[in-house]
Number of protein chains: 2
Amino acid sequence: MSKPRATLKDIATKLNISISTVSRALNDHPAINQKTKRSVKSTAKKLNYYPNLLALNLLQKKSNTIGVVVPEITSHFFSSVITGIQDILRPSNYNMIICQSEESYKDEVEIVENLMRVGVDGILVSPSSSTKNFEHFRRLKKSGIPIVVFDRDCPGLEVDKVLVDDYDGAFQAVDYLIKSGCKRIAHIGGPLNLSTTKHRLEGYLDALKENDIPIDKKYIKHVKGFTHEDGIKPAKSLLKLENKPDAIFAVNDCIAISAMYAAKMLKLKIPEEISIIGFDDEPHSSYFTPELSTVWQPVYSMGMLSARILLKRISNTDEKQKLREEIFKPELVIRASSKKI
Amino acid sequence: MSKPRATLKDIATKLNISISTVSRALNDHPAINQKTKRSVKSTAKKLNYYPNLLALNLLQKKSNTIGVVVPEITSHFFSSVITGIQDILRPSNYNMIICQSEESYKDEVEIVENLMRVGVDGILVSPSSSTKNFEHFRRLKKSGIPIVVFDRDCPGLEVDKVLVDDYDGAFQAVDYLIKSGCKRIAHIGGPLNLSTTKHRLEGYLDALKENDIPIDKKYIKHVKGFTHEDGIKPAKSLLKLENKPDAIFAVNDCIAISAMYAAKMLKLKIPEEISIIGFDDEPHSSYFTPELSTVWQPVYSMGMLSARILLKRISNTDEKQKLREEIFKPELVIRASSKKI
DNA sequence: AAATTTAATGCAAAGGTTTGCATTAAACTT
DNA sequence: AAGTTTAATGCAAACCTTTGCATTAAATTT
């Protein structure tokens with residue numbers, strides 16, 4: 001049924017000319033006769049010929065494919081970054097193999113290994129929350145495959161990086177809460193070996209310090225995952241404390257929404273009794289009641305810039321260009337879940 | 001800096017044996033001496049050899065890569081389907097190139113063309129909302145690349161399909177609304193040439209008919225896109241009608257949430273004055289106030305099954321197996337945004 | 001008419017792997 | 001000792017493309 005795909009040879013045989021002439025004709029090589037070109041092109045069309053990129057890849061030792069490794073793609077955050085990446089890659093004729101580590105170090109190592117084997121020209125990666133060792137990335141770099149780390153930093157790994165100033169975002173949020181009159185500000189943070197999470201915690205702590213508010217460990221909780229379910233328990237336990245907090249700064253919007261949900265279950269008024277601020281500014285966050293205050297980060301731009309840097313690195317391969325580390329600034333978005341100043 | 005990757009030839013030269021012996025040794029061919037195998041394997045490791053899949057692909061005319069074409073990946077729906085797909089593909093050693101059509105027919109055609117060129121072994125596709133012509137898929141099929149359509153049907157296209165009974169989901173939802181006492185049920189639908197949207201509309205209409213409720217065109221609106229923003233205007237215009245509806249069945253959760261938002265703005269009580277039901281059951285839908293009633297569909301399973309069917313089709317290529325059309329049943333999930341029966 | 005330039009095309013290698021068939025040398029059988 | 005089997009390895013083609021160099025034939029110059 002499916003006749004095998006036409007090759008240059010098929011065209012050459014049909015026209016009784018050599019393969020090289022066919023190749024050159026199709027590529028509009030100047031040394032080829034116009035008539036030949038026309039006849040080649042027309043039979044190419046007739047045979048439904050299109051070049052075999054696998055052969056080309058082998059020849060050029062270049063696959064025009066890049067690998068993208070993320071913890072998961074179901075979150076709005078990563079799917080938006082990926083969209084940004086793709087919008088740069090497509091016009092440059094690069095394809096993208098997306099892989100999810102599912103926050104597993106083991107899977108991540110396997111994925112990187114696999115991407116190396118299939119011959120991607122470069123890799124964009126946001127490491128899993130359980131990744132503490134970066135040897136797999138170093139191996140990659142050593143085999144000449146450029147790599148750009150985005151969002152989640154790998155301290156000590158010498159590669160291009162595109163990050164967000166999480167510390168600043170957290171600081172802004174907590175500082176705002178203090179300025180709006182909150183005294184007992186709690187934080188629900190994420191896994192501690194994630195740079196993002198750690199920096200948000202630090203921003204929280206420093207904002208308190210700078211405003212001379214004592215740090216109280218009972219106001220600090222951590223979640224293992226980033227879904228709604230993960231947030232309910234810590235939020236409830238915070239809100240049931242004797243001297244319960246009057247504000248919660250959550251590590252992301254999902255957790256913040258869980259906190260709102262928990263607060264409502266406990267009949268607490270938001271923001272009168274409890275202010276809540278999240279992180280990420282997901283599209284639906286502004287549709288909750290009350291509308292969620294949060295910290296916006298330029299996800300789409302982050303994806304685009306990461307891809308641009310990677311492409312540049314791929315084309316400038318042997319150059320000893322110095323490493324780039326770009327840090328985007330997040331923005332505090334105040335809505336109705338936090339008191340006005 | 002980056003020394004070129006080791007090849008079979010490098011190993012062969014180093015050990016003074018032929019390339020074929022090296023190849024066979026690495027593949028544990030029975031006709032190779034144990035000693036030879038050991039020495040080959042050890043030098044392979046020493047040289048950090050790993051096979052060049054590009055060469056293998058060319059030889060076998062098989063890339064172990066499949067293409068996934070979706071309108072977008074930022075929605076929870078598609079990113080979940082993709083996760084299902086990946087969880088089947090990974091263990092089978094297939095990689096996945098994901099492409100977004102952004103609901104553009106033109107982009108979709110280009111993407112399919114490109115996937116064909118790069119030599120994917122098969123394609124999973126959920127067509128864009130502006131795709132009315134399926135020639136690009138037929139061309140694909142004709143060149144022997146199997147294709148599985150999921151979620152959004154392509155009527156008249158003879159390929160494997162994995163769909164959801166949208167008609168049934170809509171019927172259940174609207175029938176429930178009627179049973180709960182609603183009399184004036186509105187519908188905010190999506191683009192009309194999408195099978196999913198069309199079937200949901202039909203389910204809505206039939207549920208009304210079957211319950212002897214006259215159909216009133218002023219209660220039916222359509223959105224072009226599926227985001228929150230798209231939903232606000234039609235929702236408002238419905239809720240501002242003289243004889244305003246007492247229920248809204250929305251084409252998906254995003255639009256339903258916009259409707260809730262609009263209702264709240266107009267100080268309408270949900271569900272007392274207006275019941276609202278969505279479609280999709282996104283994870284955050286149960287965290288809204290009131291919690292959104294909706295129609296759940298087995299997205300993850302849909303992804304897995306689509307991938308399974310495609311893989312089977314790829315391995316059973318020349319067989320004239322008959323086409324599969326699997327239809328998943330959705331489930332009505334009643335929460336607080338609709339009156340109890 | 002011979003020598004030189006120009007235009008058009010072809011040959012063959014290279015890229016890395018697998019595999020059918022051929023070859024070699026050793027071990028066995030008669 | 002001659003013939004046959006067995007074990008281990010090598011040769012070369014195939015997958016499809018691009019491209020430097022060589023070749024051919026025609027056109028131009030002397």
Side-chain angles (χ1 to χ4, degrees), chain A residues 2-41 43-44 47-65 93 116-121 143-144, chain B residues 2-41 43-44 47-65 93 116-121 143-144:
Chain A
S2 74
K3 46 207 163 280
R5 170 170 165 178
T7 70
L8 289 184
K9 196 176 173 184
D10 297 329
I11 303 178
T13 314
K14 189 151 194 174
L15 283 117
N16 240 325
I17 55 179
S18 79
I19 294 178
S20 23
T21 303
V22 176
S23 170
R24 279 188 263 252
L26 290 173
N27 292 320
D28 265 327
H29 192 284
I32 300 293
N33 191 311
Q34 284 301 329
K35 265 188 215 158
T36 319
K37 281 189 190 175
R38 249 171 289 147
S39 68
V40 166
K41 285 182 184 173
T43 50
L47 293 181
N48 190 27
Y49 170 84
Y50 51 100
N52 184 327
L53 292 188
L54 291 180
L56 207 54
N57 289 344
L58 179 59
L59 197 63
Q60 302 175 166
K61 292 161 157 265
K62 191 161 180 309
S63 64
N64 267 266
T65 302
N93 259 308
M116 213 161 116
R117 282 177 150 62
V118 302
V120 294
D121 297 337
S143 14
Chain B
S2 74
K3 47 209 163 280
R5 169 172 167 176
T7 69
L8 290 183
K9 197 176 172 182
D10 297 329
I11 303 178
T13 314
K14 189 151 193 174
L15 279 95
N16 241 325
I17 55 179
S18 80
I19 293 178
S20 22
T21 303
V22 175
S23 169
R24 279 189 263 250
L26 289 174
N27 293 320
D28 265 327
H29 192 284
I32 300 293
N33 192 312
Q34 284 301 331
K35 265 188 216 159
T36 318
K37 281 188 190 174
R38 249 172 287 147
S39 68
V40 165
K41 284 181 185 172
T43 52
L47 293 181
N48 190 26
Y49 169 85
Y50 52 100
N52 184 326
L53 292 188
L54 290 179
L56 205 54
N57 289 344
L58 178 59
L59 194 64
Q60 302 176 167
K61 293 159 158 266
K62 191 160 180 313
S63 64
N64 267 264
T65 302
N93 259 309
M116 213 161 117
R117 282 177 150 62
V118 303
V120 294
D121 296 338
S143 9

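Convention: sequence-line order gives letters A, B, ...; per-chain numbering from 1.
Within the 4.0 angstrom heavy-atom criterion, base atoms lie near A:I19.
Checked against D:dT9, D:dT17, C:dT17, the side chain of B:T21 finds its nearest nucleotide in D:dT9. Side-chain proximity of B:L58 to the nucleotides D:dT19, C:dT18, D:dC16 is greatest for D:dC16. Checking D:dC16, D:dA8, C:dT18 against the side-chain heavy atoms of B:L8 singles out C:dT18 as nearest.
The CG atom of A:L15 sits 11 Å away from the P atom of C:dT9 (whole-angstrom rounding). As rounded to whole Å, 15 Å separates atom C1' of C:dG10 from atom CG of A:N33. Distance B:K62 NZ to D:dC16 P: 16 Å, rounded to the nearest Å. Rounded to whole angstrom, the span from the CG atom of A:L54 across to the C1' atom of C:dG16 amounts to 13 Å. If you take NZ of B:K37 and P of D:dA7, they are 13 Å apart, rounded to a whole angstrom. The separation between B:N57 atom CG and C:dT18 atom P is 11 Å, rounded to whole Å. Distance B:L59 CG to D:dA12 P: 18 Å, rounded to the nearest Å. The CD1-P distance, from B:I17 to C:dT17, rounds to 14 Å in whole Å.
Judged by distance alone, with hydrogens and angles left aside, B:S20 brings a side-chain donor or acceptor within reach of the base of D:dC11, the pair sitting under 3.5 Å. The base of D:dG10 lies close enough to the side chain of B:R24 for a donor and an acceptor atom to sit less than 3.5 Å apart.
The line from CG of A:L56 to CG of A:N64 is 8.5 Å long, rounded to the nearest 0.5 Å. Note that the OG1 atom of B:T21 and the CD1 atom of B:I32 stand 5.0 Å from one another [nearest 0.5 Å]. How far CZ of A:R24 is from CD1 of A:I19: 12.0 Å, rounded to the nearest 0.5 Å.
Residue B:Y49 places at least one side-chain N or O closer than 4.0 Å to OP1 or OP2 of C:dT17. Considering only side-chain N and O atoms, A:N52 lies nowhere under 4.0 angstrom from the phosphate OP1 or OP2 of D:dT17. Remark: A:T7 is not in phosphate contact with D:dC16, judged by side-chain N or O atoms under 4.0 Å from OP1 or OP2. Dashed line: the shortest gap from a side-chain N or O of B:N27 to OP1 or OP2 of C:dT18 is under 4.0 Å. Within the 4.0 Å cut-off from OP1 or OP2 of C:dG10, at least one side-chain nitrogen or oxygen of A:S18 is found. Between A:K61 and C:dG16, a side-chain N or O to OP1/OP2 separation shorter than 4.0 Å is present.
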- Going through the checks in order, is the salt bridge (Lys or Arg N to Asp or Glu O under 4.0 Å) test met by A:D10 and A:R5? CA-CA 10 Å; A:D10 297 329; A:R5 170 170 165 178; over 6 Å; no

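A donor-acceptor pair is defined here as one N or O able to donate and one able to accept, closer than 3.5 Å; no such pair exists between the side chain of A:N27 and the backbone of A:H29.
Atom NZ of B:K62 has more than 12 neighbouring heavy atoms from other residues, nucleotides or ligands inside a 6.0 Å radius.
Each of B:H29 and A:L53 was matched to the nucleotide of DNA chain D holding its nearest heavy atom; the match closer to the 5' end belongs to B:H29.
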